[in-house]
Amino acid sequence: MSAFGESGTTTAGQTAGRTAGPSRRERDMADRTPTPRDAEGTSRTSEGTSRAPEGTSRDGDGIKTFPFPVDRSLSGVGMQVGRMDPDRTWHPDVPLERVHRIDFHVVMLFGGGPVTHMIDFAEYEASDGDVLWIRPGQVHRFSRTAGYRGTVLTMQPGFLPRATVEATGLYRYDLPPLLRPDTAQLAALRNSLDQLEREYTDTETLPLSLHTAVLRHSLTAFLLRLAHLAAGTAEAERRRADTTFTRFRDAVEKGFAANHSVSAYADALGYSRRTLVRAVRAATGETPKGFIDKRVVLEAKRLLAHTDMPIGRVGAAVGFPDAANFSKFFHLHAGVTPVGFRAELR
């Protein structure tokens, strides 16, 4: 995760209007050249032990989490918005160009590029007018930070009321992180973000309680536009409307660590296997088994990247009590062994 510092009070106004960019470019991290980095974002002592940057916490699975940096927000509110440029001050304790994880939302509206950003082990190329939306718990990594230009918004979970969270789809992890608005959508997003930044930097004209309330309203307006964009494609609309797939997706998210059986999910949800296959294929283009396996592999990659758990324990955590079976499964789907994957990130 990364924590973001303040970068000044200039507005985010950019020239509006663009044509939609090319499709997302995705490559699995197994194809990357290994780099000599500590994937947990920790510093190393002379004895070789890991020391977490100050302000991080460790979850029950051993993954270190970088929290939202409230102390770097104007007036201590639960959000930040500012410019991305070569002079930006990023949080000094966060290894931005290494794989890391956050517990807050990050939205980057680009005014330049291209840059390549890794989110959950897939790479996305973002250019002028593109939007990257990184949600809490997702692992990610910057490329060269000097190439990031535009406006960045960060938001602490809990800053907005539950009704707004639901309306804006803040935790719709099934939606793509990379968004490419058309000319009219981009102009509206930039205008909305400009207004939000003006309200954020205006700390003098209202008492803190009203200032915070205005920020919540302005932020909601921006996020509603962003959510509409994220759900605007036909595929996203099908996912939203298809109750069968939605229930299956939610069940997999809750049970993937122990249940890899398509038939078991179908029985638990009250569907025939055939009905489930049709629904999942229509929403994702893949089989239910493929959907389950991808989720299992993603969790295994997260644990391999962000913990020092033995390979056998990682396997057990994702439903493989036998380490050899886990290694075969991981190699089949990731193209590299668990040991090799971890070594590439260290």
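Note that this is a predicted model, so its numbers are computed, not measured.
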K.L.:
Do the side chains of Phe68 and Pro136 get nearer than 4.5 Å, heavy atoms only?
P.N.:
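Sidechains of Phe68 and Pro136: no contact.
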K.L.:
Yes or no on side-chain contact (heavy atoms from CB on, under 4.5 Å) for Leu206 and Val214, after CA distance, side-chain angles and deciding distance?
P.N.:
CA-CA 9 Å; Leu206 291 172; Val214 169; 3.8 Å; yes
K.L.:
Does atom CZ of Arg225 have more than 12 heavy-atom neighbours, drawn from other residues, nucleotides or ligands, at distances under 6.0 Å?
P.N.:
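No, CZ of Arg225 has 12 or fewer neighbouring heavy atoms, counting only those of other groups under 6.0 Å.
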K.L.:
What are the two closest heavy atoms between Ala251 and Leu269, and how far apart are they?
P.N.:
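Heavy-atom minimum between the residues: CB-CD2, 4.3 Å.
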K.L.:
Verify side-chain contact (heavy atoms from CB on, under 4.5 Å) between Thr168 and Leu226, making sure each step is shown before the conclusion.
P.N.:
CA-CA 8 Å; Thr168 55; Leu226 196 64; over 6 Å; no
K.L.:
Has the side chain of His117 got a donor or acceptor atom that lies under 3.5 Å from a matching backbone atom of His140?
P.N.:
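Pair absent, no side-chain N/O of His117 close to backbone of His140.
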K.L.:
For the OG1 atom of Thr164 and the CG atom of Leu224, what is their distance to the nearest 0.5 Å?
P.N.:
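Output value for this atom pair is 7.5 Å.
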K.L.:
Which distance, rounded to the nearest 0.5 Å, do you find between the CZ of Arg83 and the CG of Leu109?
P.N.:
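It comes to 10.0 Å.
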K.L.:
Do Pro157 and Phe104 touch side chain to side chain, with heavy atoms closer than 4.5 Å?
P.N.:
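In contact.
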K.L.:
Are the side chains of Trp133 and Leu170 in contact, using a 4.5 Å heavy-atom criterion?
P.N.:
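Of all side-chain heavy-atom pairs linking Trp133 with Leu170, at least one is under 4.5 Å.
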K.L.:
Indicate the atoms forming the closest heavy-atom contact of Phe110 with Ala126, along with that distance.
P.N.:
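Smallest interatomic distance, heavy atoms only, reads CE1-CB, 3.5 Å.
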K.L.:
Counting C-beta onward and ignoring hydrogens, is there a side-chain heavy-atom pair between Leu276 and Phe245 closer than 4.5 Å?
P.N.:
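Leu276 does not reach Phe245 side chain to side chain.
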K.L.:
Short question: side chain of Glu344, backbone of Phe341 - any donor-acceptor pair under 3.5 Å?
P.N.:
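No.
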K.L.:
For the pair Phe142 and Tyr148, name the ring-plane relationship: parallel under 30°, tilted 30 to 60°, perpendicular over 60°.
P.N.:
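Tilted: the ring planes of Phe142 and Tyr148 meet at 30° to 60°.
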K.L.:
Of all the heavy-atom pairs spanning Ser327 and Ile311, show the shortest one and how long it is.
P.N.:
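Nearest pair, atom of Ser327 first, then Ile311: OG-CG2, 4.2 Å.
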K.L.:
Distance only, no hydrogens: is a donor on one side chain within 3.5 Å (strictly under) of an acceptor on the other, for Thr243 and Thr246?
P.N.:
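Thr246 and Thr243 do not have a side-chain donor-acceptor pair below 3.5 Å.
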K.L.:
Under the side-chain contact (heavy atoms from CB on, under 4.5 Å) rule, what do Ile119 and Val139 come out as? Steps first, then yes or no, please.
P.N.:
CA-CA 6 Å; Ile119 304 173; Val139 297; over 6 Å; no
K.L.:
Classify the side-chain pair Gln80/Ser73 by whether it contains a donor and acceptor separated by less than 3.5 Å.
P.N.:
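On atom types as modelled, these side chains qualify, holding a pair under 3.5 Å.
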K.L.:
May I ask you to decide if the ring planes of Phe320 and Phe329 are parallel, tilted or perpendicular, using 30° and 60° as cut-offs?
P.N.:
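Plane angle between 30° and 60°, so tilted.
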K.L.:
Counting distance only, does the side-chain N/O of Thr284 pair as donor-acceptor with the main-chain N or O of Arg281 below 3.5 Å?
P.N.:
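Between the backbone of Arg281 and the side chain of Thr284 there is no qualifying donor-acceptor contact (under 3.5 Å).
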K.L.:
If every non-hydrogen atom of Glu125 is compared with every non-hydrogen atom of Pro114, which pair is closest and at what distance?
P.N.:
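Scanning both residues, the minimum pair turns out to be CG-CB, 3.8 Å.
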K.L.:
For the residue pair Phe121 and Leu345, establish whether any side-chain heavy-atom pair is separated by less than 4.5 Å.
P.N.:
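Touching, per the 4.5 Å side-chain cut-off.
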K.L.:
From His105 NE2 over to Met155 CE, what is the distance, rounded to the nearest 0.5 angstrom?
P.N.:
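Going from NE2 on His105 over to CE on Met155, the span is 4.0 Å.
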K.L.:
Looking only at heavy atoms, what is the nearest atom pair of Val314 and Ala300, with distance?
P.N.:
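Distance-wise, the nearest heavy atoms are CG1-O, 4.0 Å.
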K.L.:
Out of curiosity, Asp308 CG to Arg313 CZ, how far, rounded to the nearest 0.5 Å?
P.N.:
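The CZ atom of Arg313 is 10.5 Å from CG of Asp308, to the nearest 0.5 Å.
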K.L.:
Run the side-chain donor-acceptor check on residues 256-265: report pairs under 3.5 Å with partners two or more places apart or on a different chain.
P.N.:
from, atom 1, to, atom 2, distance (Å)
Asn259, OD1, Ser261, N, 3.0
His260, NE2, Phe256, O, 3.0
His260, NE2, Val318, O, 2.9
Ser261, OG, Ser263, N, 3.4
Ser261, OG, Ala264, N, 3.1
Ser263, OG, Arg273, NH1, 2.9
Tyr265, OH, Gly255, O, 3.4
Tyr265, OH, Phe256, N, 3.4
Tyr265, OH, Asn259, O, 2.8

K.L.:
Short question: side chain of Ser143, backbone of Thr116 - any donor-acceptor pair under 3.5 Å?
P.N.:
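Yes.
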K.L.:
Test your reading of the model: is there a side-chain donor-acceptor pair from Ser192 to the backbone of Ala188, 3.5 Å cut-off?
P.N.:
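No, the answer is negative, given that no donor and acceptor are paired below the 3.5 Å cut-off.
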K.L.:
Do Met79 and Thr154 pass the side-chain contact (heavy atoms from CB on, under 4.5 Å) test, and can you show the C-alpha distance, the side-chain angles, and the key distance before you say yes or no?
P.N.:
CA-CA 5 Å; Met79 58 155 287; Thr154 61; 5.9 Å; no
K.L.:
Against Leu74, only a single residue in Val81, Leu215, Thr203 fulfils side chain to side chain contact (heavy atoms under 4.5 Å, CB included); can you say which?
P.N.:
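That would be Thr203; it is the only one of Val81, Leu215, Thr203 passing the side chain to side chain contact (heavy atoms under 4.5 Å, CB included) with Leu74.
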K.L.:
Keeping Thr275 on the side-chain end and Tyr271 on the backbone end, is there a donor-acceptor pair under 3.5 Å?
P.N.:
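Pair absent, no side-chain N/O of Thr275 close to backbone of Tyr271.
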K.L.:
To the nearest 0.5 angstrom, please state how far the OG1 atom of Thr212 sits from the CG atom of Leu219.
P.N.:
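Reported to 0.5 Å precision, the distance equals 12.0 Å.
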K.L.:
Would you check if the side chain of Arg342 reaches a backbone N or O of Leu304 as a donor-acceptor pair within less than 3.5 Å?
P.N.:
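Indeed, once roles are kept as given, a pair shorter than 3.5 Å links the two residues.
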K.L.:
Does a side-chain N-to-carboxylate-O contact under 4.0 Å join Arg249 and Glu253?
P.N.:
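Between Glu253 and Arg249 there is no salt bridge, as every charged N stays at least 4.0 Å from the carboxylate O atoms.
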K.L.:
Is it true that Asp293 and Lys289 have a side-chain N and a carboxylate O under 4.0 angstrom from each other?
P.N.:
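Yes, Asp293 and Lys289 are salt-bridged.
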K.L.:
Could you tell me whether Asp130 and Arg149 have a side-chain N and a carboxylate O separated by less than 4.0 Å?
P.N.:
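Looking at Asp130 and Arg149, the cut-off is not met.
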K.L.:
Report yes if some heavy atom in the side chain of Tyr173 is under 4.5 Å from a heavy atom in the side chain of Gln138; otherwise report no.
P.N.:
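SC-SC contact between Tyr173 and Gln138 confirmed.
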K.L.:
Using distance alone, with no hydrogens and no angle criterion, decide if His211 and Tyr200 have a side-chain donor and acceptor under 3.5 Å apart.
P.N.:
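Absent: no donor and acceptor within the cut-off.
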K.L.:
Ignoring hydrogens, what is the shortest heavy-atom contact between Leu178 and Tyr124? Give both atom names and the distance.
P.N.:
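Smallest heavy-atom distance, with atoms named: CB-CD2, 3.8 Å.
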K.L.:
Do Phe159 and Leu223 share a hydrophobic cluster, counting only Ile, Leu, Val, Met, Phe, Trp and Tyr and linking them when any side-chain heavy atoms are less than 4.5 Å apart?
P.N.:
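Yes, same cluster.
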K.L.:
Let me confirm one number: the CD1-CG distance from Ile134 to Leu132, rounded to the nearest 0.5 Å.
P.N.:
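If I round to the nearest 0.5 Å, the distance is 6.0 Å.
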K.L.:
Just to verify, which of Arg135, Lys301, Arg302 counts as forming a side chain to side chain donor-acceptor pair (under 3.5 Å) with Asp120?
P.N.:
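Answer to the side chain to side chain donor-acceptor pair (under 3.5 Å) test with Asp120 among Arg135, Lys301, Arg302: Arg302.
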K.L.:
Do the side chains of Thr287 and Val277 get nearer than 4.5 Å, heavy atoms only?
P.N.:
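No, every pair of side-chain atoms sits at 4.5 Å or beyond.
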